[in-house]
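Notes to accompany the following structure.
Below, chain A is the first sequence line, B the second, and so on; all start at residue 1. Every heavy atom of this structure was used, including side-chain atoms; hydrogens, water molecules and symmetry mates were not. What you are looking at is a predicted structure, and each value in this text was computed from that prediction instead of being measured.
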Amino acid sequence: MAKEIIDGQTMTRALTRITYEIIERNKGIEDLVLVGIKTRGVFVAHRIESRLKQLENISIPVAELDITPYRDDKTHEEKDISNVKTQPLDIDINNKHIILTDDVLYTGRTIRAAMDALMSAGRPKKISLAVLVDRGHRELPIRADFVGKNIPTSQKEKIKVSMKEIDGEDKIEIE
Amino acid sequence: MKRYLILEDGTVFPGEGFGSSIITTGQLVISNNRTGIEQSVTDPNAEGQIIAFTIPSVGSSGINRDFYESINSQCKGVVIGSSSISTVDNSVSFEDWITSLRIPGIKNVDIRALSRHIAEHGEMKASIMDTHDEHAIDQIKALVLPPDLVKRVSTRQSYPNPNMGRKIVIVDLGLKYSILRQLSYRDCNSVIVNYNSTAKEIENLHPDGIIYSNGPGNPQDLPNVIKSIQVLQKKYPILGIGLGNLLIALANDCQIEKLTTPHHESSLAVKEVASGKIDFVNHNHSYTLDQKYIGSSDFIVTNICVADGTIEGIRHEYLPIMGVLFEPEAAPGPTDGYYVFDEFIDLIDSVKQQEGAGSQWN
């Protein structure tokens, strides 16, 4: 049975706090680019962007990243990068500070794939990672810079993030 | 017994005395609080103030002994239209309670006319007296309100509020007990110190974070506190509430101004700038930050009052400093503001985590 562990209000507060931390740790947010990993990472990126705009009155670019071609559980043919038709990003990321956003950080494999995708699109100055939930059980040496909520889990459990834009309401459930 | 409320500008409001029969003088404050009257009267912010409650039937929501905000009441007097006994419990009646606290009160005052008069002419001194002749008016005009309000309400000796969590030092500028209640709820191990404690004395307590509490009066009367903030803010996460927030702003080259319509209301809407979220919170302040200076400072505005655009919350751009002008601990009022304490604890944890991560950041 799914149990709600984080409600909409707490999620809103976590996103606001991540925004404050991004401002605090980056003296000036001019060269920032937010890159959201599809699907819910994009919404996280947009919400952080709107908060930054409200607070600092600067609009920073948001890009969507589809990591499917870069996943490590693909077969060899599927993985062939030359088959990727579209450019993964529609903005210039060279020499930018990228804040990669996703909803849940688990094994770290998605983030590795995302970094591959980013590197193939340019050479960013720096990549930071912001996630709504860190549930542990990493399989790669990856660590988030901005964490909304640490939720210790067992590997048997499932974390389900719902966001208003796609699921109609904000909540995080465990089952 | 017939008594008079005399304002600084010579306006006289007749009424009937109750409570203590002494002659009293103080800053007249119009409070629109509907409930939690006992919290307003025992609030150390009320030091040197005569509080006029605009609601009818003051006391109908009861006098709850669990909600006192200090041991001794600091309020100089109360002005009400009418009072009634509690309709929610069989607690003591408002008038009997005021009598037991030995506070002078005056009732059957035309409270709406008084409230309008103050709204038009600004906050002023007032006196509750037995006569209203020329001499009495001259006396109140000549009276200078003492500037050492904080000195009178701050604890003289440090005391602990022990628990097992993060260590918080609270600089008592007129601390409301509800701040301690909120910290206890979050397992904070706190020490409350006198307002004049030096930066060195506070450092010796090795805090994880420092709170500058709410309090009465003008922050410019407290240069020592400003100096200690300037030293401590480079080393520790700081939360300022009310007067504490104004002091933090002054320590960082911001200016303050007096509000034309002071905020004394238990439930006033405040918007969180980042998310657009509206919170209803308790306000009790006559000063605010000057908008002209905030832009060039290192602060970002995090909260604004919906009604008049007043700055209600700030956060430093790169130091772990945050402040709110409203009262997040409520008491009285809705509990929407409690999240400020959670946010401060998150701030403390994030600073600790960064220290642990060493040179990871920039």
Side-chain angles (χ1 to χ4, degrees), chain A residues 6-32 34 43-44 46-60 97 99 125-132 134 141-150 163-165 170, chain B residues 233-234 237-239 270-280 294-304 311 313-324 328 334-362:
Chain A
I6 287 183
D7 60 5
Q9 216 174 10
T10 316
M11 193 197 275
T12 307
R13 211 168 61 74
L15 285 164
T16 307
R17 185 169 52 77
I18 289 173
T19 312
Y20 290 144
E21 285 181 11
I22 289 173
I23 296 171
E24 272 158 27
R25 289 188 211 159
N26 300 286
K27 291 148 188 116
I29 57 168
E30 283 80 10
D31 62 349
L32 285 189
L34 283 162
F43 304 131
V44 173
H46 278 292
R47 290 201 195 178
I48 293 175
E49 189 266 342
S50 84
R51 282 165 168 75
L52 283 171
K53 192 171 177 186
Q54 291 294 326
L55 287 167
E56 296 276 29
N57 211 8
I58 298 175
S59 195
I60 64 170
H97 177 182
I99 299 200
K125 189 169 76 187
K126 184 176 172 181
I127 302 178
S128 301
L129 176 61
V131 293
L132 208 46
D134 182 351
I142 282 171
R143 179 179 176 284
D145 305 79
F146 308 99
V147 181
K149 197 86 186 171
N150 283 300
M163 296 189 76
K164 245 184 208 135
E165 292 89 333
D170 285 345
Chain B
Q233 68 180 6
K234 298 192 182 86
I238 291 181
L239 167 66
V270 158
K271 185 169 103 172
E272 189 180 63
V273 175
S275 62
K277 184 163 69 88
I278 303 287
D279 296 312
F280 282 90
I294 207 87
S296 56
S297 73
D298 288 330
F299 287 111
I300 47 175
V301 176
T302 54
N303 303 80
I304 53 168
I311 297 171
I314 53 170
R315 205 171 165 120
H316 202 278
E317 279 192 11
Y318 52 88
L319 291 173
I321 307 173
M322 55 185 282
V324 286
T335 56
D336 291 9
Y338 284 176
Y339 75 92
V340 170
F341 294 99
D342 294 322
E343 227 168 58
F344 182 54
I345 283 167
D346 286 342
L347 187 67
I348 290 172
D349 291 349
S350 127
V351 167
K352 269 198 180 158
Q353 209 182 10
Q354 278 181 72
E355 278 167 2
S359 59
Q360 177 120 18
W361 318 112
N362 304 312

Which portion of B:Val273 sits near chain A, non-hydrogen atoms under 4.5 angstrom: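 Both backbone and side chain of B:Val273 come within 4.5 Å of chain A.
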B:Asp298 portion near chain A, given a 4.5 angstrom heavy-atom threshold: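 Neither the backbone nor the side chain of B:Asp298 comes within 4.5 Å of chain A.
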Where do [X] and [Y] come nearest, in terms of heavy atoms and distance?
X: B:Ile300; Y: A:Ile23; value: CD1-CD1, 3.8 Å
X: A:Arg51; Y: B:Ser275; value: NH2-CB, 3.4 Å
X: A:Arg25; Y: B:Ser350; value: NH2-OG, 4.0 Å

With A:Glu24, the side-chain contact (heavy atoms from CB on, under 4.5 Å) member among B:Ile321, B:Leu347, B:Leu319: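 Only one option passes, and that is B:Leu347.
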Distance (rounded to the nearest 0.5 Å) between B:Glu317 CD and A:Asn26 CG: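 Reported value, rounded in 0.5 Å steps: 11.0 Å.
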Pair A:Gln9-B:Tyr339, side-chain contact (heavy atoms from CB on, under 4.5 Å): steps then yes or no: CA-CA 10 Å; A:Gln9 216 174 10; B:Tyr339 75 92; over 6 Å; no
Heavy-atom side-chain contact between A:Tyr20 and B:Glu343 under 4.5 Å: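 Contact flag for A:Tyr20/B:Glu343 side chains = yes.
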Close side-chain approach of B:Lys277 to A:Arg13, heavy-atom, < 4.5 Å: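 Result no, sub-4.5 Å side-chain heavy-atom pair not found.
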Part of A:Thr16 lying under 4.5 Å from any heavy atom of chain B: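 Side chain only.
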